[in-house]
2 protein chains.
Amino acid sequence: MPFPQTEVPGRLQAELMSRGLRMTRQRRTILSVVETAKQHLDAAQILRHARKIDPQIDRVTVYRTLALLKRHGLIDELDLMHMQGEKHFYERRPQRDHIHMACLRCGKIMEFESDLFDRLKGQIQRDCQFHIVVTRLEVGGYCSRCRTAKPD
Amino acid sequence: MPFPQTEVPGRLQAELMSRGLRMTRQRRTILSVVETAKQHLDAAQILRHARKIDPQIDRVTVYRTLALLKRHGLIDELDLMHMQGEKHFYERRPQRDHIHMACLRCGKIMEFESDLFDRLKGQIQRDCQFHIVVTRLEVGGYCSRCRTAKPD
DNA sequence: TTTCCTCTTGCAACTGAGTGTCAACAGTGT
DNA sequence: ACACTGTTGACACTCAGTTGCAAGAGGAAA
C-alpha cells in the first residue's frame, strides 16, 4: 500500500473538509488510523485501532465513515481473494492503481504497479466506451517462496 | 459469461467424475444450473433454480457444492464490485480469463477479453515470480449509455 | 458567545451470507 | 446385496454489515 511517509499527513481530512463535510472527533480519529496504517486493515481492525485513541467510538461509526470515504473515492475496498473470510480491507487510494497478489499458501499480500495495467485500463475505456471510476485486480497464486512446495 | 452453447453440456459433471468425486443427485442438479445459467447467479439464486428441479435440496448443499467447484478451479467467484450487497456470483471458468465491468448507474455487467490482460498476467508471473492460480479484474464505472448522464 | 439548524453519533435490534455439528442417507467398488 | 465412506439435511450459530431513532455536537449566523 502507499507508504505513509510519502503521503501528506491529514490529506484525507483536508480532502473531506474541502468537500464541505463536518469534521467530527470520530472522523478525525478514523481518518488518522486509515492514513497511518502499515498494512491493509479490515473494519474490525480499524475499530480496534480507533478505540485506542477514542474508546467511545462505535463500530457503526467506523462503517459509516468508511462508506463515506469510499463514496468520495478516497479509499479503495479490497477483498484480497476472500482468504480470511468475507471481510473487506481498506487502503488510501494511491496516485496510481496497483495489483494485489495474495499467496494462497502463506497469505502474504504483494503489490505491483505496471504500465501494462495502465494501458489495459486505457484500452477498456476506448474499446468499450466505458468510463472507469474504480478498478480492482486481485490475483491468487503462490509466491516465489511457496511455489516450490505448493499443495495438492 | 461463456456462452452455454459453446460449452459441452455436462462438462462440469465429467470433470468432477474424472477427479473421482461422487456424483450425487444434488450435485448433478446444481451443476446443471451453473452450466446453463445465462447470467451471473449468486448462491441464493442457484438454490432457487435448483429447487425447481429438486425441491428437497438444501442451501447448505449449494454452498458446499460451490466451494467444491471453486476448490477444483471449475468455477470462478465474482464480487461484481459489491453492487448488490455482499453476495458472491459464480460462473463456469472460461478458457480465457475476462474482465468484468459493472456500470455503477444501470448495474449492467459487461465482459471483455484482452491480449493486454493476458500479457499483464505473464508479466506478473515473470517479474514477481508469482505462480498465478486465479485472477479477478473488476472495473466499476459508467457504460456508454449512462456516461453522458452520470451522477454527482 | 450564544443560538439554532442540521448532520452525525451511539445504541439496539436486525438482516443475510455463510459455517459447524451430527445423525441419517446414498454413491460406488466389491 | 453389502459395506465402506463420503454426502446430505436440519438446526443452530457466527459474523460482517445495516437500519431506525433519539440524543449529541459541528459550525454558520446572529
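Here the structure is a predicted model, which is why all the values come from computation and not from measurement. Below, chain A is the first sequence line, B the second, and so on; all start at residue 1.
- For A/Asp79 and D/dA16, the CG to C1' distance is 13 Å, given to the nearest whole Å.
- Of the candidates D/dG9, C/dG10, D/dT18, the closest approach to any side-chain atom of B/Asp58 belongs to D/dG9.
- Here B/Ala43 lies in heavy-atom contact (under 4.0 Å) with sugar-phosphate atoms only.
- Note: CG (A/Leu78) to P (D/dA16) measures 17 Å, nearest angstrom.
- A salt bridge between B/Arg64 and B/Asp58 is absent, with no side-chain N of the basic residue lying under 4.0 Å from a carboxylate O of the acidic one.
- For C/dC7, neither phosphate oxygen OP1 nor OP2 lies less than 4.0 angstrom from any side-chain nitrogen or oxygen of A/Thr24.
- In this structure the side chain of A/Leu69 reaches within 4.5 angstrom of the side chain of A/Thr65, judged on heavy atoms.
- Summarising the geometry of A/Ala37 relative to A/Arg92, their closest heavy-atom pair is O-NH2, 4.5 Å, with the distance given to 0.1 Å.
- When each of B/Tyr63 and B/Arg28 is assigned the nucleotide of DNA chain C bearing its nearest heavy atom, the one mapping closer to the 5' terminus is B/Tyr63.
- Regarding B/Arg64, its CZ atom lies at a distance of 12 Å from the C1' atom of C/dG18, rounded to whole Å.
- Using a 4.0 Å heavy-atom criterion, one finds that B/Arg27 contacts the sugar-phosphate atoms exclusively.
- Between the CG atom of A/Leu21 and the C1' atom of D/dG27 there is a distance of 13 Å, rounded to whole Å.
- Residue B/Tyr90 places its side chain closer to C/dG18 than to any other of C/dG18, C/dT28, C/dG27.
- Rounded to whole Å, the distance from CZ on A/Arg48 to P on D/dC15 is 12 Å.
- Spacing between atom CZ of B/Phe89 and atom C1' of C/dG16 amounts to 14 Å, rounded to whole angstrom units.
- Between A/Asp115 and A/Arg96, at least one side-chain nitrogen of the basic residue sits less than 4.0 Å from a carboxylate oxygen of the acidic one, meeting the salt-bridge criterion.
- Between B/His82 and B/Glu138, the closest side-chain pair of non-hydrogen atoms is not below 4.5 Å.
- Side-chain atoms of B/Arg59 stay outside donor-acceptor range of the base of D/dG9, with no qualifying N/O pair under 3.5 Å.
- At D/dA16, none of the side-chain N or O atoms of A/His88 fall inside 4.0 Å of OP1 or OP2 (strictly under the cut-off).
- OP1 or OP2 of D/dG9 lies within a sub-4.0 Å distance of a side-chain N or O belonging to B/Thr61.
- A close approach under 4.0 Å does not occur between any side-chain nitrogen or oxygen of A/Gln26 and OP1 or OP2 of D/dA25.
- Atom CG in A/Leu66 sits about 14 Å away from atom C1' in D/dT18, given to the nearest Å.
- Computed from coordinates, the B/Leu16 CG to D/dG6 P distance equals 16 Å when rounded to whole Å.
- Residues B/Glu86 and B/Arg22 both approach DNA chain D. Their nearest nucleotides, taken by heavy-atom distance, put B/Arg22 toward the 5′ side.
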